[in-house]
Amino acid sequence: PPEPASLQALLESSASDAGLDVLNTHLQVLKHTTLANLRTRAAHAQLLTGHNPVAFVADALAWHDGHFAMLTLLRNPFNRLESSYRYHQGKGTERAKQVMACHRNGADILQAGFDAMLLSRAGGRGRDQAAWIHAPPELWRESGCPTAATQGFIDEHVATCPLTMHPKQLRQVFEAILKTFAVVGILERMPETLEVLRCRVPWFKNTSMPKVSLHSQVEPYPITLRHNASLMGPAALTEAKLYEFGNALLKADLECCCAATGVAPLR
């Protein structure tokens, strides 16, 4: 398969070229940086990148007193769930090869593991994480989900909310996205996403996505994982609604940007 494209890397390089200070919060999280140190470093940055929820940046980091614009990139939830399983904490291909080499029924073991993950998500555990990432801080506070780590240290699981999101809460997320996100991109619609980025972000000039090697998933997976509809649908229930909303918003943003510039929208 083609090497994965990274919008995060593209934004970082474009911002640096424009003379902006950039901080990748996810890399700091992986280094187990203290919350106090991360807050200090973030205060000097003009662009933060990473996988942290809006609530973590606004509340735990108190970045620019909550006054900042946000960009996000959504992905087909079915593909993302499979990718999450295959990635397996950065050792997906290595683990899969070991299973296939050590077990005659290795393909069945890998498939069973995927189905088990979907079953867990379908039951609500972590199912709505993508929606919580985009949720406003007040929704986190109302729900009792912490936006800062215990004892001042952070790790890659710090700002996650395992709670199931109710329809009313999801509507609040949609409303917050409409009000506070400058760009909502779609991975499967990258040319259109880049066009809206150029329209909304003054220092962003790129017209194509670079290809970068990020992790072991650039290698072919040893089996083709089957998508069990009875498990996949419930596991991606909320995220599918978010993805549908994001697609509609990208379409509207593209038409708005093209109307402002007089350029015909991409089809």
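The figures here come from the full heavy-atom set of this structure, side chains too, leaving out hydrogens, waters and symmetry mates. Just so you know, residue 1 is the first one in the sequence shown, and it goes up from there.
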Original post:
Tell me, do I177 and L249 make a side-chain contact under 4.5 Å, heavy atoms counted?
Top reply: yes
**OP:** Identify the heavy atoms of L170 and A131 that sit nearest to each other, and give their distance.
**Re:** CD1-CB, 4.1 Å
Original post:
Where does the angle between the aromatic ring planes of Y85 and Y221 fall among parallel (under 30°), tilted (30 to 60°) and perpendicular (over 60°)?
Top reply: perpendicular
Original post:
With side chains defined as the heavy atoms from C-beta onward, is the minimum distance between L225 and R86 less than 4.5 Å?
Top reply: yes
Original post:
Mind checking whether L250 and F245 have side chains closer than 4.5 Å, heavy atoms only?
Top reply: no
**OP:** Check the hydrophobic clustering (I, L, V, M, F, W, Y; side-chain heavy atoms under 4.5 Å; chains of links allowed) and say if L237 and M232 are grouped together.
**Re:** no
Original post:
Any Lys/Arg nitrogen of D115 or R226 sitting under 4.0 Å from an Asp/Glu carboxylate oxygen of the other?
Top reply: no
**OP:** Rounded to the nearest 0.5 Å, what's the gap from CH2 on W63 to CG on L38? Could you check?
**Re:** 11.5 Å
Subject >> Min side-chain heavy-atom separation Q169-W132 under 4.5 Å >> reply: yes
**OP:** Would you check if the side chain of E188 reaches a backbone N or O of N76 as a donor-acceptor pair within less than 3.5 Å?
**Re:** yes
**OP:** Of all the heavy-atom pairs spanning V184 and G246, show the shortest one and how long it is.
**Re:** CG1-CA, 4.0 Å
**OP:** May I ask you to decide if R189's main-chain N or O and T193's side chain share a donor-acceptor pair within less than 3.5 Å?
**Re:** yes
Subject >> Distance (rounded to the nearest 0.5 Å) between D253 CG and F181 CZ >> reply: 12.5 Å
**OP:** Kindly compute the distance separating CD (E138) from OG (S143), expressed to the nearest 0.5 Å.
**Re:** 10.5 Å
**OP:** Without swapping roles, check the side chain of K168 against the backbone of M165 for a donor-acceptor pair under 3.5 Å.
**Re:** no
Original post:
Shortest non-hydrogen contact from S13 to L10?
Top reply: OG-O, 3.0 Å
Subject >> Donor-acceptor contact present, side-chain R127 to main-chain A235, <3.5 Å >> reply: no
**OP:** Check for a donor-acceptor pair, side chain of Q46 on one end and backbone N or O of L20 on the other, with a separation under 3.5 Å.
**Re:** no
Subject >> Carboxylate-amine/guanidinium contact K205 D17, below 4.0 Å >> reply: no
**OP:** Give a yes or no answer on whether the side chain of R121 reaches the backbone of A236 with a donor-acceptor pair at less than 3.5 Å.
**Re:** no
**OP:** Show the numbers, then the answer: is there a side chain to side chain donor-acceptor pair (under 3.5 Å) between T34 and N37?
**Re:** CA-CA 5 Å; T34 65; N37 286 343; 3.1 Å; yes
Subject >> T25 side chain to T49 backbone, donor-acceptor under 3.5 Å >> reply: yes
**OP:** Provide the closest heavy-atom pair for A15 versus L47 in the form atom of the first, atom of the second, distance.
**Re:** CB-CD2, 3.6 Å
Subject >> Donor-acceptor side-chain pairing of Y87 and E82 below 3.5 angstrom >> reply: no
Original post:
Does A58 offer a backbone N or O that forms a donor-acceptor pair with the side chain of H64 under 3.5 Å?
Top reply: no
Subject >> Min side-chain heavy-atom separation P77-E244 under 4.5 Å >> reply: no
Original post:
Would you call C257 and E195 a side-chain contact if the rule is heavy atoms closer than 4.5 Å?
Top reply: no
Original post:
Donor-acceptor pair, W203 side chain versus S14 backbone, under 3.5 Å?
Top reply: no
Subject >> V183 side chain reached by T72 side chain, heavy atoms, under 4.5 Å >> reply: no
Subject >> Residue pair T164 / D128, side-chain donor-acceptor N/O under 3.5 Å >> reply: no
Subject >> Residues K251 and E255 bridged, charged N to O under 4.0 Å >> reply: yes
Subject >> Interatomic spacing from OG in S120 to CG in L231 - rounded to 0.5 Å >> reply: 11.0 Å
Original post:
Could you go step by step and tell me if W140 and L163 meet the side chain to side chain contact (heavy atoms under 4.5 Å, CB included) rule?
Top reply: CA-CA 10 Å; W140 282 67; L163 300 179; over 6 Å; no
**OP:** Look up atom CG in L61 and atom CZ in R39, then write down how far apart they are to the nearest 0.5 Å.
**Re:** 7.0 Å
**OP:** Indicate yes or no: at least one non-hydrogen side-chain atom of T207 is less than 4.5 angstrom from one of L194.
**Re:** no
**OP:** Answer with yes or no after comparing the ring centroid distance for H134 and F174 against a 6.0 Å cut-off, counting only values under it.
**Re:** no
Original post:
Is the count of non-hydrogen atoms from other residues, nucleotides or ligands lying under 6.0 Å from R41 atom CZ greater than 12?
Top reply: no
Original post:
Using 30° and 60° as the class limits, which term best fits the ring planes of H227 and F78: parallel, tilted or perpendicular?
Top reply: perpendicular
Original post:
Is it true that the side chains of R75 and S83 contain a donor and an acceptor less than 3.5 Å apart?
Top reply: yes
**OP:** Starting at CZ of F68, measure out to CG of L48 and round the result to the nearest 0.5 Å.
**Re:** 8.0 Å
**OP:** Look only at the side chain of N228 and the backbone of S230, and say whether a donor-acceptor pair between them is shorter than 3.5 Å.
**Re:** yes
**OP:** State whether E94 and K97 are salt-bridged, where the test is any N-O pair (Lys NZ or Arg NE/NH1/NH2 against Asp/Glu carboxylate O) under 4.0 Å.
**Re:** no
**OP:** Using the side chain to side chain contact (heavy atoms under 4.5 Å, CB included) rule, take L110 and R95 through it: C-alpha gap first, then chi angles, then the decisive distance, then the call.
**Re:** CA-CA 10 Å; L110 293 176; R95 173 178 176 272; 4.0 Å; yes
Subject >> Connected via hydrophobic side-chain network under 4.5 Å: L11 and M70 >> reply: yes
Original post:
How close do L197 and L7 get, heavy atom to heavy atom, and via which atoms?
Top reply: CD1-CD1, 3.7 Å
